[in-house]
2 protein chains.
Amino acid sequence: MSEDKKQISIAESKVMEALWRAYPLSAEDVTTDVAAEHNWSVGTVKSLLNRLLSKGAISAEKDGRRYLYTPVLSHDDYMTREGQGVLDRLFDGRVSAMLTHFSRHEKLSGDDIAELKKLIKELDNDE
Amino acid sequence: MSEDKKQISIAESKVMEALWRAYPLSAEDVTTDVAAEHNWSVGTVKSLLNRLLSKGAISAEKDGRRYLYTPVLSHDDYMTREGQGVLDRLFDGRVSAMLTHFSRHEKLSGDDIAELKKLIKELDNDE
DNA sequence: TTTTATTGATTACGTCTGTAAACATTATGC
DNA sequence: GCATAATGTTTACAGACGTAATCAATAAAA
């Protein structure tokens with residue numbers, strides 16, 4: 001991914017997800033993969049792939065007469081970027097502020113809390 | 001806010017922030033408020049206000065010949081919606097998954113962790 | 001009363017996005 | 001060899017978005 005870090009749109013991210021699941025993939029493979037959630041034509045998928053290529057988020061390698069596409073932007077980097085984006089925008093960049101917000105609005109389930117406790121314990125053990 | 005819950009764009013959310021800080025405000029007040037971060041013309045702000053009106057995110061009350069604008073969409077609701085949106089999209093809807101991701105990528109500061117511990121303790125006390 | 005300033009309403013325009021068709025090229029099947 | 005299918009490339013279009021100018025109406029100033 002180049003330094004300019006162009007934004008990936010929602011539809012484009014769905015194509016990225018297909019590639020993150022298993023790569024490299026052809027345009028047809030991607031179309032089939034996302035069909036579970038999006039009834040897109042191959043034309044649509046090709047458009048999205050070409051936009052992602054322009055943005056440097058994926059690379060393409062010729063395979064016979066078709067291309068096989070590979071993610072350049074990693075799933076982890078994308079999650080970090082998007083997650084940090086909303087934290088910066090809405091929660092002073094702090095995940096704890098987001099957690100506080102959700103806990104005050106009863107958005108945390110018992111499972112969530114149990115997992116959080118476990119995670120905090122792990123973080124403690126790491127120190 | 002009506003049931004359809006139209007999306008608020010980034011620029012529109014900046015206008016919302018001005019209104020959340022202190023309402024009701026006129027178009028000129030908003031322009032002045034956001035000037036710290038955005039050197040927008042009054043025209044731009046009016047456009048954004050009218051879009052927000054169309055989306056039902058704000059309401060307007062006549063004050064002489066101008067309007068004073070008031071948020072309908074609350075800051076808390078917006079934060080919940082946006083936060084949950086990215087959680088749903090990227091983290092299976094779980095804040096703990098997001099936290100796990102950030103902790104694995106060394107994105108949690110010592111302060112973050114201390115706050116999280118405090119929060120978990122508070123959650124424990126709530127039960 | 002006329003002119004100017006203020007304010008809302010409307011229009012404008014380039015870029016991005018979602019979706020996909022149209023076109024061009026090449027490989028495959030008959 | 002010709003027709004068809006596969007695949008890439010390009011074009012298309014409506015709506016959203018960022019930004020702001022233009023137009024219309026009204027109040028205030030001269």
Exercise. Check every atom of dT17(C), dT19(C), dT26(D) against the side chain of R65(B) and return the nucleotide holding the closest atom.
Key: dT26(D)
Practice problem: In whole angstrom, give the distance that lies between atom CD of E12(B) and atom P of dG18(D). | Solution: 6 Å
Quiz item: Quick one: which of dT17(C), dG8(D), dA21(D) gets closest to the side chain of S47(B)?
Solution: dA21(D)
Practice problem: Count the heavy atoms of every other residue, nucleotide or ligand shown that sit under 6.0 Å from CZ of R104(B), and state whether that count exceeds 12. | Solution: no
Quiz item: For the pair made of CG in L68(A) and P in dT7(D), what is the distance, rounded to whole Å?
Solution: 10 Å
Quiz item: With respect to the phosphate group of dC17(D), does any side-chain polar atom (N or O) of S9(B) fall under 4.0 Å of OP1 or OP2?
Solution: no
Self-check item: A27(A) side chain, from C-beta outward: closest of dG8(D), dA12(D), dA20(D)
Solution: dG8(D)
Quiz item: Between dA9(C), dG18(D), dG18(C), which nucleotide has the shortest distance from any of its atoms to the side chain of R51(A)?
Solution: dG18(C)
Quiz item: Can you check the L48(A) CG to dT9(D) C1' distance for me, whole Å?
Solution: 15 Å
Practice problem: Enter the distance from L25(A):CG to T32(A):OG1 here, rounded to the nearest 0.5 Å. | Solution: 9.5 Å
Quiz item: Which part of the nucleic acid, if any, lies within contact of I10(A), taking any heavy atom under 4.0 Å across all strands shown: a base, the sugar-phosphate backbone alone, or nothing?
Solution: sugar-phosphate
Quiz item: Near F91(B) CZ, under 6.0 Å, is it more than 12 heavy atoms from other residues, nucleotides or ligands?
Solution: yes
Quiz item: Roughly, in whole Å, what's the span from NZ in K6(B) to P in dC17(D)?
Solution: 11 Å
Practice problem: Would you mind reading off the distance between E28(B) atom CD and dA5(C) atom P, rounded to a whole angstrom? | Solution: 14 Å
Quiz prompt | Value in whole Å for how far the C1' atom of dG8(D) lies from NZ of K62(A) | solution = 8 Å
Self-check item: Which nucleotide in dA9(C), dT17(C), dT9(D) has an atom nearest any side-chain atom of N50(B)
Solution: dA9(C)
Quiz item: Is a side-chain N or O of D29(B) found less than 3.5 angstrom from the main chain of S26(B), in a donor-acceptor match?
Solution: yes
Quiz item: In whole angstrom, what separates Y69(B)'s OH from dT7(C)'s P?
Solution: 11 Å
Practice problem: Mark yes or no for whether S13(B), through its side chain, and M16(B), through its backbone, hold a donor-acceptor pair below 3.5 Å. | Solution: no
Quiz item: Is R66(A) salt-bridged to E28(A), going by a charged N under 4.0 Å from an acidic O?
Solution: no
Exercise. Using the closest heavy atom to pick a nucleotide of DNA chain D for each, name whichever of G43(A) or N39(B) lands nearer the 5' end.
Key: G43(A)
Quiz item: Please give, in whole Å, the distance from dG18(C) P to I8(A) CD1?
Solution: 11 Å
Quiz item: In terms of the nearest nucleotide of DNA chain D, which residue is placed more toward the 5' end: H38(B) or K46(A)?
Solution: K46(A)
Exercise. Can you check whether any acceptor in the base of dT25(C) is under 3.5 Å from a donor in the side chain of R66(A), or vice versa?
Key: no
Quiz item: Out of dT9(D), dT17(C), dA20(C), which nucleotide sits closest to the side chain of W40(A)?
Solution: dA20(C)
Quiz item: Picking from dG8(D), dT10(C), dC17(D), which would you name as closest to the side chain of Y67(A)?
Solution: dG8(D)
Practice problem: Return no unless some side-chain N or O of K55(A) is found under 4.0 Å from OP1 or OP2 of dT17(C). | Solution: yes
